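Reviewing the structure listed below.
Worth saying up front: this structure is predicted, and the values here are computed from it rather than measured. Residue numbers start at 1 and run along the sequence shown.
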Amino acid sequence: MADPDDLTVRELDSLWHPLRQHRGIAANRPAQIISGEGVHLIDREGNRLLDGVAGIWCVNVGYGREELADVAREQMARLPYLPGTFVQAPAARLAGKLTAMLGYEGRVYFTNSGSEANEAAFKIARQYHAQTGSPGRFKIIARYRGYHGNTFGALAATGQAERKMLYEPLAPGFVHVDAPDPYRITHDCVDQLERAIAREGAETVAAFIMEPIIAGGGILVPPDDYLPRVREVCTYHGVLLIVDEVVTGFGRTGISFAHRRAGIEPDLLTLGKGIASGYQPLAAMVARQEIFDAFDGEAGDLRHFRHINTYGGHPVATAVALRNIEIIEREGLIHRVAKTGEALLDRLRRLEKHPHVGQVRGRGLLIGVELVESHASRQPIASDRSAAVVARCARDGVLLGRTANTTPGFDNVVIMAPPFVLSEEEADVLASTLERSIEEELTKGP
Ligand SMILES: Cc1ncc(COP(=O)(O)O)c(C=O)c1O
């Protein structure tokens, strides 16, 4: 029987990979991965690579969970598909589970990706205002360095110029302010938000969107009072608060949802990635009950949410997500993230003594190591040098991420976000591989 992993050059050359230049790719192809086990990916040659970024920060329960494969198979055999206009148990149970976990009344709208969850949130914010007496509120304020997805609205909300260049103009009506970055920004970002609302005219602003910790933009952790103060400002000005927990949701920062640490409730919450640990593509948007109530109307009028996606709330994806959350709870994985994350962060902070490590920061298993030319200048290290650090780790069997093509000049934050099941020994491998790589790649000079 033919080897299913045996690929022809034609097959390989038919793939358009994201985020990379293809010139010369034949001599330097991305690894062909054939399976995964725990925190490891196994390539065609049988090498075990420690996946320090859990895919794209999503394979939270780790690879090789037969249990999730069984759930998917059973659901597929019973009912493989149903539009969201009908009722099926997995989607309803998952919606109920999410509102129970969040602890407030709300409604869950399922989508396929985080980008689409944010698109749904933007549309809901605008329609909500239109239906509650403020039809002039259409602007969405977002933050520089934040990422909210690749679709025209979500990318317009994204504050990373290099993700947007050559695709612009994007959706109109998006305005940006700074996000707190205690390493680089000294002004008060909540004051700046409030000034932006005033200058735009509060009566034109529909919503403010933010990640509790900016992930792909460089692991930017705000001060503790930031989110509570943002909540206050939004409430005061009648601006809806959209919290994008596509990365931080379901335990990544050592708590079920990062906004809960601040003790606030978002008006709209977007979730993705870890909801099904990447075993199925699934995302969700949760609206507070009061928002949902504004969509009440007569049959046949236009007050309901007129938005549909073919696969939103897919029965297989929602069944898998439910079991995924059960695994997280059963195995106490969020507690484990908090514990492993703290130990890993403590250890990595020692790297701050290195002349090219400006700051090590993060929460739970979402950690960034900011590389700089020098402590004194804080100038971001050149892109090829941070790339060399990450490439060296990959050669040594550890996959890490890096900000690249986000904010111009800021290709300098190495990112770690491993699966939650990372053991102490594996955390040690992760840390020591990065330490060695920084030492060897950056000490020898540019
Ligand atoms: C914070 C955040 N929001 C939204 C998205 C978009 O999610 P997706 O890639 O599933 O569309 C991402 C993706 O990385 C993200 O990091």
Side-chain angles (χ1 to χ4, degrees), residues 33 35-42 48-69 71-72 94 97-98 101-102 114 211-213 215-216 219 221 245-261 271-284 317 320-348 361-369 398-401 414-431 433-434:
I33 305 297
S35 62
E37 213 177 281
V39 300
H40 290 98
L41 289 170
I42 292 126
R48 290 170 70 81
L49 307 167
L50 199 167
D51 185 359
V53 278
I56 307 184
W57 325 328
C58 58
V59 189
N60 293 352
V61 296
Y63 297 96
R65 297 274 187 174
E66 293 284 338
E67 187 180 347
L68 294 179
V71 167
L94 180 60
K97 178 70 189 170
L98 293 181
M101 285 175 85
L102 288 164
E211 299 162 75
I213 292 176
I219 316 294
V221 186
E245 293 230 31
V246 169
V247 173
T248 52
F250 301 98
R252 164 97 13 229
T253 67
I255 185 168
S256 55
F257 301 101
H259 71 267
R260 299 197 81 178
R261 195 171 172 276
L271 303 166
K273 298 190 186 274
I275 191 171
S277 281
Y279 278 72
Q280 285 284 296
L282 181 71
V320 168
L322 266 172
R323 186 62 68 89
N324 168 62
I325 295 170
E326 197 183 308
I327 292 173
I328 292 172
E329 290 177 347
R330 191 202 316 141
E331 297 184 5
L333 291 182
I334 297 182
H335 177 69
R336 184 162 164 177
V337 168
K339 210 165 134 250
T340 327
E342 205 177 300
L344 189 55
L345 192 60
D346 276 353
R347 168 164 178 183
L348 290 170
R361 56 187 178 242
R363 192 161 280 141
L365 285 175
L366 186 61
I367 296 175
V369 177
V398 169
L399 305 177
L400 296 179
V414 176
I415 300 178
M416 253 182 211
F420 297 177
V421 290
L422 188 80
S423 68
E424 274 177 38
E425 299 73 52
E426 289 157 347
D428 183 55
V429 172
L430 208 57
T433 305
L434 178 62

Requested in this report: Decide, yes or no, whether a salt bridge links Lys97 with Glu326 under the criterion of side-chain N to carboxylate O below 4.0 Å.
Outcome: no
Report summary line: With Leu282 as partner, the option from Leu271, Ile275, Asn324 fulfilling side-chain contact (heavy atoms from CB on, under 4.5 Å) is Ile275
Taking atom [atom1] of [X] and atom [atom2] of [Y], what is their separation to the nearest 0.5 Å?
X	Y	atom1	atom2	value
His40	Ser35	NE2	OG	12.0 Å
Leu422	Thr340	CG	OG1	6.5 Å
Asp51	Ile56	CG	CD1	10.5 Å
Met416	Leu345	CE	CG	10.0 Å
Ile367	Leu365	CD1	CG	6.0 Å
Ile213	Ile219	CD1	CD1	7.5 Å

Between [X] and [Y], which heavy-atom pair has the shortest distance, and what is it?
X	Y	result
Pro418	Ala54	C-CB, 3.9 Å
Phe420	Arg336	O-NE, 3.6 Å
Ala284	Leu98	CB-CD1, 4.4 Å
Gly38	Pro419	O-CG, 4.5 Å
Lys273	Cys58	CB-CB, 3.6 Å
Trp57	Ala417	CD1-CB, 3.6 Å

Using side-chain heavy atoms (C-beta onward) and a distance below 4.5 Å, is [X] in contact with [Y]?
X	Y	value
Thr253	Arg261	no
Val398	Leu434	no
Val71	Tyr279	no
Leu400	Thr433	no
Leu50	Glu426	yes

Report task. Starting from the C-alpha separation in whole Å, work towards a yes-or-no answer on salt bridge (charged side-chain N to carboxylate O under 4.0 Å, His left out) for Glu331 and Arg65. Result -> CA-CA 13 Å; Glu331 297 184 5; Arg65 297 274 187 174; 2.7 Å; yes
Can you tell me if [X] uses its side chain to pair, donor with acceptor, with the backbone of [Y] under 3.5 Å?
X	Y	result
Ser277	Val61	yes
Asn60	Arg252	no
Glu245	His259	yes

Query raised in the report: Could you walk me through whether Ile33 and Leu49 pass the side chain to side chain contact (heavy atoms under 4.5 Å, CB included) check?
Result: CA-CA 10 Å; Ile33 305 297; Leu49 307 167; 4.0 Å; yes
